[in-house]
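The structure appears right after this line, and notes come after that.
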Amino acid sequence: MTLVAITHDPIDIAALAAHAGGPENGAVLTFVGQTRRLSRGREVEYLEYTAHEPMALTLIRRIAEEAESRWSCRAAIAHRLGRVGLEEASVVIAVGSAHRGDAFEACRWCIDTLKETVPIWKKEVCPDGTFWIEGDQSVPGVPAPP
């Protein structure tokens, strides 16, 4: 059974890792994307995430299910919305598989695909202003997405 979530609360990393585990899995890999202090030469105070929640949840579920099918693994993915402080998790992906190679491949594919396809937007809040992030670039002065 696939576990996916979009939440405004802190992500329970241990619960996702436990879901990805199991007696058939010799490897459980957990990726945690967290808020860092410096980004593109600017000091970050916190991040704000917004999303088209129903669509984002549907696409995250598809990503987890495809990973499970392609790599014969168990996947759990959660993404946080709202204000996310320094060192807090924004996204967590846990993958369990019989062998570590499959877990690494599946986990990397999940995060890369999520960042490329899921309608979740990130705003960096800095002492010198706020910046919406598009890919690896900041877009100052761009209005908030819907």
Apply side chain to side chain donor-acceptor pair (under 3.5 Å) to the pair E88 and T35, showing each step before the final yes or no.
-> CA-CA 6 Å; E88 293 182 347; T35 305; over 6 Å; no
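Summarising the geometry of A67 relative to A106, their closest heavy-atom pair is CB-CB, 4.5 Å, with the distance given to 0.1 Å. Shown here for A89 and I13, the closest heavy-atom pair between the two residues is CB-CD1, 4.4 Å.
Although no hydrogens or angles enter the test, the distance criterion places no donor-acceptor pair under 3.5 Å between the side chain of S69 and the main chain of E65.
Taking CH2 of W121 as the reference point, atom NE2 of H52 lies at 7.5 Å (rounded to 0.5 Å). In this structure, E48 CD and R80 CZ are separated by 11.5 Å, a value rounded to the nearest 0.5 Å. From C107, atom SG reaches atom CG of D102 across 12.5 Å, with rounding to the nearest 0.5 Å. Considering SG of C73 and NE2 of H99, their distance stands at 12.5 Å, rounded to 0.5 Å. Note: S97 OG to L29 CG = 8.5 Å, rounded to the nearest 0.5 Å. In this structure, CZ in R108 is found 11.0 Å from OG1 in T113, a value given to the nearest 0.5 Å.
R100 CZ: 12 or fewer foreign heavy atoms inside a 6.0 Å radius.
Defined by atom type and a distance below 3.5 Å, a donor-acceptor pair is present between the side-chain atoms of E68 and T2.
In this structure, F31 belongs to a hydrophobic cluster whose other members, linked by side-chain heavy atoms under 4.5 Å apart, are V4, I6, V44, L47, Y49, M55, L57, L59, I60, I63, W71, I77, L81, V84, V91, I93, V95, W109, I111, L114, V118, I120.
Between L16 and T30, the closest side-chain pair of non-hydrogen atoms is not below 4.5 Å. Taking the side chain as every heavy atom from C-beta outward, C126 and R42 approach each other to under 4.5 Å.
Between R74 and E24 a salt bridge is recorded (basic side-chain N to carboxylate O distance below 4.0 Å).
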